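Below you'll find the structure, written out as structure tokens, and then a few comments.
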Amino acid sequence: MSDPHPLDELLDLYRSDKATAMYDEVVTEREHALQAAELAEAAGAPAATVAAALLHDVGRLTIAWDSAEGAFVAADRAHDSVGERLLGRWFGPEVTAPVGMHVAAKRYLCATEPGYADRLSPVSVRSLEVQGGPMTADEVHAFEARPGWEAAVQLRRWDEQAKSTEPAAKAVDDYRPLLESLLRDG
Ligand SMILES: [Fe+2]
């Protein structure tokens, strides 16, 4: 028997049934993650940002699925901070911070980029309300002072695009070497 790998617990979430739950009408959670990572790689993003793109919705895989509700319980309210905290077991802030800020980045873009809010999907518009709506000027200022905010904004754009009917070329395990290179204690 081989020793358990430090990343198994994390990658198992993406190999599990939870990852085959639908993210939206088109893609599963797993496919959404893979497409986001692929977009980050195509943009030439650093490894930590590619990892953040792959793992940005990990909080949704750990928040209980409510079968009566047919939805992840409070997924839009807390999955960013749940994910950030969980990923801190393996990675440093260069990976975890953009994950923790990717919902705030939507509120940021709604406040700072004309036309951005108009391009949001109906689901995303609904969750924006729950998330607090567009940022105020003070919130924009505070957001731009936080380390990792620019990566969070990039991640947000890939997040919006990672809903294609064209499947990603790579599998979750293809990212293992990249993730290993970012392990905090490795
Ligand atoms: Fe996402």
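Keep in mind the model is a prediction, meaning the values are calculated, not measured. For ligands, and for the atoms within them, numbers begin at 1 and follow the listed sequence.
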(request) Please determine if the Fe ion (ligand 1) has an N/O/S atom from H102 lying under 2.8 Å away. (result) no
(request) Using the six-membered ring of Y23, assess whether NZ or CZ of K163 lies under 6.0 Å from its centre and within 45 degrees of the ring axis. (result) no
(message) I need the NE2(H56)-the Fe ion (ligand 1)-OD2(D57) angle, rounded to 10 degrees.
(response) 90°
(message) Tell me the closest heavy-atom pair linking L182 and A51, and the distance in Å.
(response) CD1-CB, 3.6 Å
(message) Quick test of your reading of the model: are R156 and E113 salt-bridged, counting only N-O distances below 4.0 Å?
(response) no
(request) Among the N/O/S atoms of D159, select the one at the shortest distance from the Fe ion (ligand 1) and name it. (result) OD1
(request) With rounding to the nearest 0.5 Å, note down the distance linking NE2 in H79 to CD in E84. (result) 12.0 Å
